[in-house]
Amino acid sequence: MVIGSGIFTVIGVAIGGNPAKLADWKDSPIIDLILHHGAVAGRPGAGPALAVSLVLVAIVCAFTGLCYAELASMIPIAGSAYTYAYAILGELIAWIIGWDLILEYAFGNMSVSVGFAAHIVDLLDWLGIHLDPKWLSPAFLPAGLQDLAGNDIYKPGWHWGFDIPAFLVVMLLTVILVRGVRESARTNNIMVLIKIAAILIFVFFGMSFIHPANYHPFSPNGFPGILAGGSIIFFTYIGFDTVSIASEECRNPQRDVPIGIIATLIVCTILYISVAVVLTGLVPWQSVANDGAPLVNALKRISLTPGGHRLHWVRLGVLLGAITGMISSIMVGQYGQARIWFAMSRDRMLPDAFSRLHPRFRTPAFATWFAGVLVAIPAGLFDVGSLAEMTNIGTLFAFVLVSAGVIVLRYKDPARHRGFRVPLGPVIPILSILFCILLMAGLPAITWVRFFVWLAIGLCVYVLYSRKRSEFYTSYK
């Protein structure tokens, strides 16, 4: 079971959107739809209709998960999309996916780190400790920072400050990973149970404080809002593809793999929809826009109203569950990112330093430290929404390549053994590609520009450095 920690933080960005970015977003792929529907300027929020966004994302993940399962069943080793691509699709595609996965892991952990910091601030508030927000919030806040009364603490844009908790949690976990501590399956299961418990506590206690009037209008920004909300909330499903890796271990993979993927997505979607419905029923959706800790702050608002005092302790339970889950997610993400650097270096596509092991701990220390610094500094500077946008576009692009790979291999290597085959021939991979592109279209144009700049840098590194060092090139020579 994969329960994303992003549900505790990114959901506020998906519900509320970001109306502060109109000037930068005019050439967004969906801006015409936005203007014709009279929606708010910038990236529109889904509002209470985020429940519909979650269903859309679950469908996309089901299609893509089946494509992952076919690739995983063709390779007798566990690995990421990079491993599959290198073994089956060739070096160039593997490089693109690996470079893209670095983007996904890095920005994903930046987002979770910023959310972690927001929950730490809320925990300090619960304990009655109030520190200078200058050192507890990102330096860039596109929608500004407001207190519960709606008063501006910081205006939109840059301010003098740094998110110290977000920086520290990444660096502390980096030290732990360098020393060789890795998460076991049992620990992961415990963390998942803690996250589920926090979600159920929020839903169970929050549902009795729902105000139906908060659901009107249900879809304030129409389909553009639902699409943009899905493009952001997609972050919470990242990691579902790990279910596909077990395809080689199934007794009947053709039956068990789709059941496992779809069952996992159904459970996650039900939990996520429950959170979205309760959250938007507790408080007006505008009040959680771009909030890094929307669930606990919504509980705080209600706990200050008549009859809501019992939510004071519920808020603490959700806080502790969210913080624990985020620590686990950041550690897994940093471990995964460092191993991508390590794997690409081992294949001689990056400098040897990234695959060099620590003499005592036998871990890729340089890659781990590099990944830590790469995440920690931006996490102190940028808001959760901007970081989540980059995470999602990178992940969706990787899913497009994986789905396309299934189609290509059906024609190039039809005789290769497949423990699992995606049903309906090329129909599901094509639908996966189309739906992923649809979700990518819901992201702001500036995110696309940043993404293509990242890919261009990666291709330059490949052409000028990696291609001449790689195993394929040297063996050919």
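Heavy-atom basis, side chains included; hydrogens, waters and symmetry copies ignored.
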Is it the case that the side chain of [X] and the backbone of [Y] share a donor-acceptor pair, with hydrogens and angles ignored and the cut-off at 3.5 Å?
X	Y	value
Ser403	Val400	no
Tyr272	Thr236	yes
Asp100	Ile96	no
Thr363	Val178	yes
Trp285	Gly12	no
Thr391	Phe107	yes
Thr447	Leu443	no
Ser303	Lys300	yes
Trp369	Val175	no
Asn221	Ala46	no

Going by heavy atoms in the side chains, are [X] and [Y] under 4.5 Å from each other?
X	Y	result
Thr368	Arg339	yes
Asp163	Leu381	no
Cys436	Val60	yes
Thr324	Ile327	no
Val318	Phe205	no
Ser208	Arg310	yes
Val114	Thr9	no
Val296	Phe8	no

* Please test Asn214 against Leu282 for side-chain contact (heavy atoms from CB on, under 4.5 Å), starting from the C-alpha separation and ending with a verdict. => CA-CA 7 Å; Asn214 290 331; Leu282 278 177; 5.8 Å; no

Just how far is it from atom [atom1] of [X] to atom [atom2] of [Y], taken to the nearest 0.5 Å?
X	Y	atom1	atom2	answer
Trp99	Leu455	CH2	CG	9.5 Å
His130	Leu124	NE2	CG	9.5 Å
Phe63	Leu265	CZ	CG	11.0 Å
Leu66	Cys61	CG	SG	11.0 Å
Leu299	His312	CG	NE2	11.5 Å
Leu193	Lys195	CG	NZ	10.5 Å

* Pair Phe399-Phe234, ring pair (Phe, Tyr, Trp, His ring centres under 6.0 Å): steps then yes or no -> CA-CA 12 Å; Phe399 287 176; Phe234 184 83; 5.7 Å; yes

Between [X] and [Y], does any side-chain donor sit less than 3.5 Å from a side-chain acceptor?
X	Y	answer
Tyr237	Thr269	yes
Thr64	Ser432	yes
Gln337	Asn109	no

* Asked: Counting heavy atoms not belonging to Phe204, are there more than 12 under 6.0 Å from its CZ?
  -> no

Closest non-hydrogen atom pair, [X] against [Y]:
X	Y	value
Leu374	Ala106	CD2-CB, 4.2 Å
Ser53	Ile226	OG-O, 2.7 Å
Val275	Phe202	O-CE2, 3.9 Å
Trp341	Leu350	CE3-CD1, 3.3 Å
Met171	Gly372	SD-O, 3.9 Å
Pro364	Leu357	N-CD2, 3.8 Å

* To do: Please test Tyr215 against Thr280 for side-chain contact (heavy atoms from CB on, under 4.5 Å), starting from the C-alpha separation and ending with a verdict.
  => CA-CA 7 Å; Tyr215 295 130; Thr280 53; 3.5 Å; yes

* **Gln334 vs Ser329, side-chain contact (heavy atoms from CB on, under 4.5 Å): CA-CA, chis, key distance, verdict** => CA-CA 9 Å; Gln334 288 304 104; Ser329 293; over 6 Å; no

* To do: Might you work through the side-chain contact (heavy atoms from CB on, under 4.5 Å) test for Thr174 and Met331, ending with a clear yes or no?
  => CA-CA 8 Å; Thr174 298; Met331 178 174 285; over 6 Å; no

* Test ring pair (Phe, Tyr, Trp, His ring centres under 6.0 Å) on Trp126 and Trp313 and set out the steps. => CA-CA 9 Å; Trp126 192 93; Trp313 289 98; 5.1 Å; yes

* Lys/Arg N to Asp/Glu carboxylate O, Asp352 vs Arg346, below 4.0 Å ->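 So Asp352 does not pair with Arg346 through a salt bridge.
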
